[in-house]
Amino acid sequence: MKLQIALDTVSMQQAVNIIKKVHKYIDIVEVGTPMIIDFGMEAVKIIKKTFPDILVLADTKIMDAGEYEAKMVFEAKADIVTVMGITHVETILGVVKAASEVNKMVLADMMCVKNLEERAKRLVEIGVDYICVHTAVDVQATENPYDELARIQKTVGSKRCAIAGGITIDSINKVVDYKPEIVIVGGGITGQKNKKEVAATFRQKLDIYG
Ligand code: 5RP
Ligand code: MG
């Protein structure tokens with residue numbers, strides 16, 4: 001299982017400082033959607049240049065103009081791009097094309113997808129690497145991604161699964177049994193005072209389950 005830290009509402013300097021602290025415990029740095037809106041692809045470029053040994057995911061949540069936008073992301077040297085799983089197949093095919101041309105990866109965010117299993121199968125068929133169950137920040141007070149994780153894991157298998165949305169050190173035990181390939185944590189690390197210790201604890205929990 002890979003641990004991905006989502007850097008959302010932070011400045012460039014804060015992002016770099018956080019990565020320095022948790023570097024040892026994480027596999028993927030996510031340049032979060034708010035950071036991309038704030039700093040554009042420059043954020044991706046700076047983070048990849050500063051930490052060349054860590055995989056960088058750009059959480060662009062592409063909804064249209066798939067090939068064009070994904071190309072921009074890979075030109076900025078990201079390793080993984082995100083596209084919304086609910087959008088047109090044509091858009092997702094464009095993103096997959098851009099990724100395959102440079103040997104990079106695509107994660108589909110399943111936010112708002114109702115026919116979860118059917119859609120996940122289709123996305124894998126057309127070349128998406130990871131299917132991510134994701135509870136939106138705006139509904140995390142009443143919803144969580146754990147039931148959807150079970151459904152997606154059963155449909156596409158652990159190796160293609162990713163999960164995000166309000167995961168904390170208290171809720172990680174609901175995730176590890178399903179062994180999703182990528183566990184995405186934002187505020188569960190970045191919102192904590194002792195970020196390094198919390199990241200280390202996440203790492204330990206993921207490593208116990210393999
Ligand atoms: C919101 C996102 C966040 O990056 C993702 O939800 C992870 O952050 P958190 O763990 O704080 O929910 O993409 O749309
Ligand atoms: Mg994100």
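One-based numbering along the sequence shown. Atoms within each ligand, like the ligands themselves, are counted from 1 in listed order. Note: hydrogens, waters and symmetry copies are ignored here, and every other heavy atom, side chains too, is used.
Electrostatic pairing of Glu181 and Lys2 counts as a salt bridge here, judged by a charged N lying under 4.0 Å from a carboxylate O. Note on Asp207 versus Arg203: salt bridge recorded, some NZ/NE/NH1/NH2 to OD/OE distance being below 4.0 Å.
None of Ile28, Ile172, Asp27, Leu149 except one satisfies the side chain to side chain contact (heavy atoms under 4.5 Å, CB included) rule with Val183; the exception is Ile172.
In this model, a donor atom of one side chain and an acceptor atom of the other lie less than 3.5 Å apart for Thr33 and Asp59. For Ser171 and Tyr146, the side-chain atoms include at least one donor-acceptor pair closer than 3.5 Å. Side chain to side chain, Gln140 and Asn144 fail the donor-acceptor criterion of an N or O pair below 3.5 Å.
Distance CD/Gln153 to NZ/Lys159: 11.5 Å, rounded to 0.5 Å.
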Write out each pair where an N or O from ligand 1 and one from the protein are under 3.5 Å apart, with the distance.
{"from": "ligand 1", "atom 1": "4 (O)", "to": "Asp8", "atom 2": "OD1", "distance (Å)": "3.3"}
{"from": "ligand 1", "atom 1": "4 (O)", "to": "Asp8", "atom 2": "OD2", "distance (Å)": "2.8"}
{"from": "ligand 1", "atom 1": "4 (O)", "to": "Glu30", "atom 2": "OE2", "distance (Å)": "3.1"}
{"from": "ligand 1", "atom 1": "6 (O)", "to": "His134", "atom 2": "NE2", "distance (Å)": "2.8"}
{"from": "ligand 1", "atom 1": "10 (O)", "to": "Gly186", "atom 2": "N", "distance (Å)": "2.8"}
{"from": "ligand 1", "atom 1": "11 (O)", "to": "Gly187", "atom 2": "N", "distance (Å)": "2.9"}
{"from": "ligand 1", "atom 1": "12 (O)", "to": "Gln140", "atom 2": "NE2", "distance (Å)": "2.9"}
{"from": "ligand 1", "atom 1": "12 (O)", "to": "Gly166", "atom 2": "N", "distance (Å)": "2.8"}
{"from": "ligand 1", "atom 1": "13 (O)", "to": "Asp59", "atom 2": "OD2", "distance (Å)": "2.9"}
{"from": "ligand 1", "atom 1": "13 (O)", "to": "Lys61", "atom 2": "NZ", "distance (Å)": "2.9"}
{"from": "ligand 1", "atom 1": "14 (O)", "to": "Lys61", "atom 2": "NZ", "distance (Å)": "2.9"}

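Distances under 2.8 Å from the Mg ion (ligand 2) pick out the protein N/O/S atoms Glu30 OE2, Asp59 OD2.
Counting non-hydrogen atoms of neighbouring residues, nucleotides and ligands closer than 6.0 angstrom, the NZ atom of Lys196 reaches no more than 12 such neighbours.
Residues His134 and Ile163 have side chains not in contact (no heavy-atom distance under 4.5 Å, counting atoms from C-beta outward).
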